[in-house]
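The next block holds one structure in the form of structure tokens; read it before the comments.
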Protein chains: 2
Amino acid sequence: MTERAPGSTAPKAQLIASEVRRRIIEREWRQGQRIPDEADLAVQFGAARATVNKALQLLADEGLLERRRRAGTRVAIDPVRKATFTIPIVREQVESAGMDYGHRVIAQRRSPIPAEIAQRIGLPEGQVLLHLRAVHYGDGKPFQFDDRWINPAAVPGMNEVDFRHVNANEWLVRNAPYTRTEIAISARNASDRDARLLDIPPREAILLLQRTTWNDSGPITTLRAAFPNSHVMNSKD
Amino acid sequence: MTERAPGSTAPKAQLIASEVRRRIIEREWRQGQRIPDEADLAVQFGAARATVNKALQLLADEGLLERRRRAGTRVAIDPVRKATFTIPIVREQVESAGMDYGHRVIAQRRSPIPAEIAQRIGLPEGQVLLHLRAVHYGDGKPFQFDDRWINPAAVPGMNEVDFRHVNANEWLVRNAPYTRTEIAISARNASDRDARLLDIPPREAILLLQRTTWNDSGPITTLRAAFPNSHVMNSKD
DNA sequence: AAGTGGTCTAGACCACATA
DNA sequence: ATGTGGTCTAGACCACTTA
């Protein structure tokens with residue numbers, strides 16, 4: 001839904017995509033039904049096939065169409081529904097909410113990874129990684145409690161960083177581009193440690209986010225972040 | 001990370017994207033630094049400019065590059081990190097976990113919407129919508145409790161559906177394509193009603209998902225889904 | 001065997017931001 | 001004013017899949 005200057009025109013591929021979307025939403029083309037092939041549509045819309053192709057690929061990415069060579073393009077039976085979340089820099093998130101950001105490292109040590117972590121990141125149990133625990137604050141109130149394992153072998157230069165003085169969240173986001181990420185979100189009753197560090201009553205509901213990132217050299221970091229139940233994750237787009 | 005048949009080759013645009021990604025990850029091209037323009041890269045990679053353009057757009061969508069006309073292409077300073085979640089059809093989700101699916105409608109009635117819902121979906125308070133409450137079961141155990149408001153005006157044919165006999169989740173996913181969705185995820189301590197319907201102790205942590213979908217005619221439906229704390233939402237990709 | 005989407009190319013023109 | 005990305009085109013060949 002990007003706005004456009006009055007004199008300007010939307011790209012033709014976008015217009016075609018909108019029109020096809022409209023035909024699907026208004027049931028001119030029904031679930032599972034085959035739609036005309038790219039060459040036909042190109043003629044209908046007065047566009048090159050490449051342009052139609054771009055529009056239809058867009059809709060296929062959205063999950064509205066299913067395309068197969070030789071079999072043609074069909075309206076998806078189960079439109080795949082997707083929601084995208086942005087992985088924030090915590091400081092920016094706190095500050096954009098109008099709060100003062102604070103950050104405290106609770107512990108930093110090299111430790112052999114326990115079995116659970118080993119399995120999550122695909123490294124052998126007992127391998128020594130950097131284990132970091134920290135709390136982020138907004139206006140002095142705990143905002144997020146991080147329990148993080150970092151694999152220095154995955155990112156050049158990471159060994160020289162002292163995460164007691166450099167914010168691990170920011171450093172990693174800025175310096176360790178990843179190629180793959182896995183995220184799991186769940187709710188839990190706060191453990192005693194969670195409750196103490198987040199300054200909430202024991203057993204209070206917390207939102208738990210577990211995120212692991214990889215690049216081609218292997219796992220970069222795995223994070224367990226705990227949020228008080230006032231926290232809301234919102235989809236982007 | 002799609003697998004390919006041995007004899008087959010990756011598309012050239014993909015290869016170029018991979019190579020550029022590698023240069024960024026290995027710091028040949030640093031954060032904020034300008035990279036060669038499309039014409040240069042086309043020569044370097046022995047490809048047409050359109051192919052390079054496709055590759056760079058891909059990386060810009062991933063958040064790794066920032067592109068501006070006239071100013072050129074730069075490695076992003078804050079690589080935007082995204083995670084995508086798929087919104088499942090509950091029955092398929094339950095069955096793919098190897099459980100038997102069950103579904104019970106608790107209440108269906110037309111009611112004026114309260115202020116909170118009105119604000120969330122952008123309709124005037126007091127407008128009459130269909131209010132539906134239902135529980136989904138896996139192997140007889142409560143899996144998800146839905147509290148849903150449906151706007152029949154947004155989707156043709158919806159007035160003829162009796163959601164006591166037709167699964168609202170499935171009907172809407174299949175029949176009401178949307179153009180926009182908002183999702184909010186949080187943790188809460190279960191209310192008495194949540195606890196009763198999910199068969200868990202009162203005050204136990206639950207995962208709360210609030211989702212509203214729109215098409216061009218207006219809001220289609222807004223849903224508050226509650227999950228027991230055993231539930232985990234996983235990112236797709 | 002043949003139809004359909006997937007991709008690439010060379011060239012062109014345009015839109016936009018900045019020097 | 002000019003350089004850069006954004007987009008489109010016509011044509012081509014290829015890869016896959018199914019009829």
Side-chain angles (χ1 to χ4, degrees), chain A residues 1-21 23-24 29 32-77 80, chain B residues 1-20 24 29 32-77 80:
Chain A
M1 307 294 163
T2 309
E3 293 297 328
R4 264 172 193 286
S8 160
T9 5
K12 202 181 247 189
Q14 295 289 339
L15 295 176
I16 294 172
S18 297
E19 171 59 14
V20 172
R21 208 184 277 111
R23 292 186 188 177
I24 293 171
W29 289 339
Q33 184 180 332
R34 171 121 177 240
I35 75 172
D37 65 32
E38 293 185 350
D40 284 355
L41 290 174
V43 174
Q44 288 183 34
F45 289 122
R49 183 166 79 93
T51 307
V52 173
N53 179 276
K54 195 173 181 178
L56 297 187
Q57 294 231 14
L58 192 73
L59 296 175
D61 286 345
E62 286 179 13
L64 229 48
L65 294 178
E66 281 170 4
R67 326 189 69 209
R68 268 156 49 222
R69 280 168 155 127
R70 167 79 200 197
T73 298
R74 293 175 180 279
V75 180
I77 294 182
V80 174
Chain B
M1 304 292 161
T2 310
E3 292 297 326
R4 270 173 188 285
S8 162
T9 3
K12 202 181 249 191
Q14 296 289 339
L15 295 175
I16 294 172
S18 296
E19 171 59 15
V20 173
I24 293 171
W29 289 339
Q33 185 180 330
R34 171 120 179 242
I35 75 172
D37 67 31
E38 293 185 349
D40 284 356
L41 291 175
V43 175
Q44 287 184 35
F45 289 122
R49 183 168 77 93
T51 308
V52 173
N53 179 275
K54 194 171 181 179
L56 297 187
Q57 295 232 15
L58 192 73
L59 296 175
D61 286 344
E62 286 180 11
L64 230 48
L65 295 177
E66 281 170 4
R67 326 191 69 209
R68 268 157 50 221
R69 281 169 155 127
R70 167 80 198 197
T73 298
R74 294 176 180 279
V75 179
I77 294 181
V80 175

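What you see below is based on every heavy atom in this structure, not just the backbone, and it leaves out hydrogens, waters and symmetry mates. Below, read A as the first sequence line, B as the second, and so on, with proteins coming before strands; counting in each chain starts at 1.
- Judged purely by atom type and a 3.5 angstrom limit, Lys12(B) has no side-chain atom pairing as donor or acceptor with the backbone of Ala48(B).
- Note on Lys54(B): every side-chain N or O is 4.0 Å or more away from OP1 and OP2 of dG6(D).
- An OP1 or OP2 oxygen of dG5(C) is reached within less than 4.0 angstrom by no side-chain nitrogen or oxygen of Gln57(A).
- Looking at Arg70(B), its side chain has no donor and acceptor atom pair within 3.5 Å of the base of dA19(C).
- For the pair Asn53(B) and dG6(D), the criterion of a side-chain N or O lying under 4.0 Å from OP1 or OP2 is met.
- Using a 4.5 Å heavy-atom cutoff, the side chains of Ile16(B) and Thr51(B) are in contact.
- Judged by distance alone with a 3.5 Å cut-off, a donor-acceptor contact links the side chain of Arg69(A) to the base of dA15(D).
- No side-chain heavy atom of Ile24(B) sits less than 4.5 Å from a side-chain heavy atom of Ile35(B).
- You'll find the side chain of Ile77(A) stays beyond 4.5 Å of the side chain of Glu66(A), heavy atoms only.
- As a whole-Å value, the separation of Ile16(A) CD1 from dT7(D) C1' is 12 Å.
- Contacts of residues 33-52 of chain A with DNA chain D (heavy atom under 4.0 Å): Gly46(A), Ala47(A), Ala48(A), Arg49(A), Ala50(A), Thr51(A).
- Atom CG of Leu56(A) is separated from atom C1' of dT4(C) by 12 Å (rounded to the nearest Å).
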Would you check, one step at a time, whether the test side-chain contact (heavy atoms from CB on, under 4.5 Å) holds for Val52(A) with Gln44(A)?
CA-CA 10 Å; Val52(A) 173; Gln44(A) 288 183 34; over 6 Å; no
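- In Arg68(A), the CZ atom is not crowded: 12 or fewer heavy atoms of neighbouring residues, nucleotides or ligands sit closer than 6.0 Å.
- Residues of residues 58-68 of chain B having a heavy atom closer than 4.0 Å to DNA chain D, listed by number: Arg67(B), Arg68(B).
- Taking atom CZ of Arg74(B) as the reference point, atom P of dG3(D) lies 17 Å away to the nearest angstrom.
- The side-chain contact (heavy atoms from CB on, under 4.5 Å) check on Arg67(A) picks up Glu38(A), Asn53(A), Leu56(A), Gln57(A), Ala60(A), Thr73(A), with sequence neighbours excluded.
- Here the side chains of Trp29(A) and Val20(A) are in contact, with some heavy-atom distance below 4.5 Å.
- Gly63(A) approaches Ala76(A) most closely through the heavy-atom pair O-CB, 3.3 Å.
- Residue Thr73(B) has a polar side-chain atom (N or O) positioned under 4.0 Å from OP1 or OP2 of dG5(D).
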